[in-house]
Amino acid sequence: MKTSINDFIAGLEQRTPGENEFHQAVEEVIGSVWDFYQQNPRYQRANILERMVEPERVIMFRVPWVDDQGEVRVNRGYRIEFNSALGPYKGGLRFHASVTLSILKFLGFEQTFKNSLTTLPMGGGKGGSDFSPKGKSDGEIMRFCQSFMNELYRHIGPNTDVPAGDIGVGGREIGYLFGQYKRLKNEFTGVLTGKGLAWGGSLIRPEATGFGAVYFAQHMLKRLGLDIEGLTFSVSGFGNVAWGAITKINELGGKVVTLSGPDGYIYDPDGIAGEKVDYLLELRATNNDIVEPYAQEFGAKFIPGKHPWEVPVNVAMPCATENEVNLDDAKELAKNNCYLLAEASNMGCTAEAVDYLIENIGYGPGKAVNAGGVAVSGLEMSQNSMRISWQKEEVDARLKVIMENIHETCVNYGKMAGTGNKVNYVKGANIGGFVKVAEAMLAQGVV
Ligand code: 2IT
């Protein structure tokens, strides 16, 4: 079946009206792989792309729970089982007021290629709820998690679908979800990753996304003849990913001067290090979702209602949520001679920002840069299956090798013709991720 890229996208939009984030994620991948796809009639004959953009299964369910005042509340739960060509569905759960079907479909779609890039046997999935943990008590969060699992448990399993954390789902939530799964199934298995260390979790998993992102940025910088030592970084967000990235940047001799929340950003020219990094954990534990208290605590500057991209730095690392870097931000970074932007978040940049960044400064897309998180989830699954736990050094060493290989894959598939040494990491990551999934789908027939 012959079709044009525009017809393909038009068809997708018609079938999935209003799913803007999902369209954005698909358009980016299709734009990268289209020529490659056209050169491979085998893929076309099997209609691989049409199948890839259709999730294998979408589960939506009611999540009723009782708040501390005794009121009955209702949220919507989701699990998108997107693609199982390479292994059990694998990907996080996001609990945030902004969660919609479109957001989870974009995340599940991206996850499929990201997981492929890790080289570990994991398919792609994503889930979550529009439940906002902001301002909720511990008891409310537990009751919500239990109710969420009362439905989810029948769809997941260590060989079927293995959820983990994402925004709003950390160690505490994984604990409550795991406890309820165990009670319902009467099974202690590796059904979730990001577990506590005492009960099946992996060392380095909490740090993995941030550490991996910095390892990836390190390889990007190396190609430019640069080293992290002595460079300044801007980071957005103040959650788990930001915390891991800041920790590793400090360890490698860089300086981080910003972090941010929904309320604005912090500018701390002295660098966010030592007790200030520990303070991030305290800030998060308050469940208020604001960063302003950091400014009072350490005498730094708080800029309300803005993102940190106007601050001149050598490297920018978005570590929060989607579309928080727009075209103007990208131009501002380039104007300030920023060397590169490495996306530790998922789809942190708008499509226009991505195009501009590729042409003007270095750009590492989330599905490559942040793959260290799910990679260590994959290592947690291996450890659970073997009923052993590896030392910190062993997990970190494996993470380093995985990130180096992902970088290598991006360079192999993403070299820009006629530019000498330049790499289009978006193209590299998308084709690199696509090939394995496509080959597995071909081999497995029309399923
Ligand atoms: O976006 C992501 O890769 C994650 N939230 C981690 C998923 C996982 O299964 O560890």
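Whatever order the structure lists them in is the order used to number ligands and atoms, beginning at 1. Worth saying up front: this structure is predicted, and the values here are computed from it rather than measured.
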Trainee: Is Arg205 in contact with ligand 1, taking contact as a heavy-atom separation below 4.0 Å?
Mentor: yes

Trainee: Should Lys126 and Asp166 count as an ion pair when the cut-off is N to O under 4.0 Å?
Mentor: yes

Trainee: Return the minimal non-hydrogen interatomic distance between Val162 and Gly190, and the atom names on each side.
Mentor: CG1-O, 3.7 Å

Trainee: So, for Tyr265 and Ser260, which heavy atoms are closest and what is the spacing to 0.1 Å?
Mentor: CB-CB, 3.6 Å

Trainee: Among all protein non-hydrogen atoms, which one is nearest to atom 7 (C) of ligand 1, and what is the separation to 0.1 Å?
Mentor: Gly92 N, 3.5 Å

Trainee: Under a heavy-atom criterion of less than 4.0 Å, does Pro163 contact ligand 1?
Mentor: no

Trainee: Is there at least one pair of N or O atoms, one from Gly165 and one from ligand 1, spaced under 3.5 Å apart?
Mentor: yes

Trainee: Among all the protein's non-hydrogen atoms, which is closest to atom 5 (N) of ligand 1, and how far away is it?
Mentor: Asp166 OD1, 2.9 Å

Trainee: Consider ligand 1: state whether an atom of it lies below 4.0 angstrom from any non-hydrogen atom of Lys126.
Mentor: yes

Trainee: What do we get for Thr209 next to ligand 1 when only non-hydrogen atoms under 4.0 Å count, side chain, backbone, both or neither?
Mentor: neither

Trainee: Would Lys248 and Phe211 count as a cation-pi pair here, with the cationic atom under 6.0 angstrom from the ring centre and within 45° of the axis?
Mentor: yes

Trainee: Asn370 to ligand 1: N or O pair under 3.5 Å?
Mentor: no

Trainee: Given that the side chain starts at C-beta and the backbone is N, CA, C, O, which of these parts of Met122 lies under 4.0 Å from ligand 1, counting heavy atoms, or is it both or neither?
Mentor: neither

Trainee: Considering only non-hydrogen protein atoms, determine which one is nearest to atom 10 (O) of ligand 1 and report residue, atom name and distance to 0.1 Å.
Mentor: Ser377 OG, 2.5 Å

Trainee: With atoms numbered from 1 as shown, which atoms in ligand 1 lie under 4.0 angstrom from a non-hydrogen atom of Lys114?
Mentor: 1 (O), 2 (C), 3 (O)

Trainee: Which residue in the set Val374, Thr118, Thr112 passes side chain to side chain contact (heavy atoms under 4.5 Å, CB included) when paired with Lys90?
Mentor: Val374

Trainee: If you look at every heavy atom in Phe178 and Thr189, which pair is closest and at what distance?
Mentor: CE1-O, 3.2 Å

Trainee: Going by the angle between their ring planes, with limits at 30° and 60°, are His407 and Tyr425 parallel, tilted or perpendicular?
Mentor: tilted

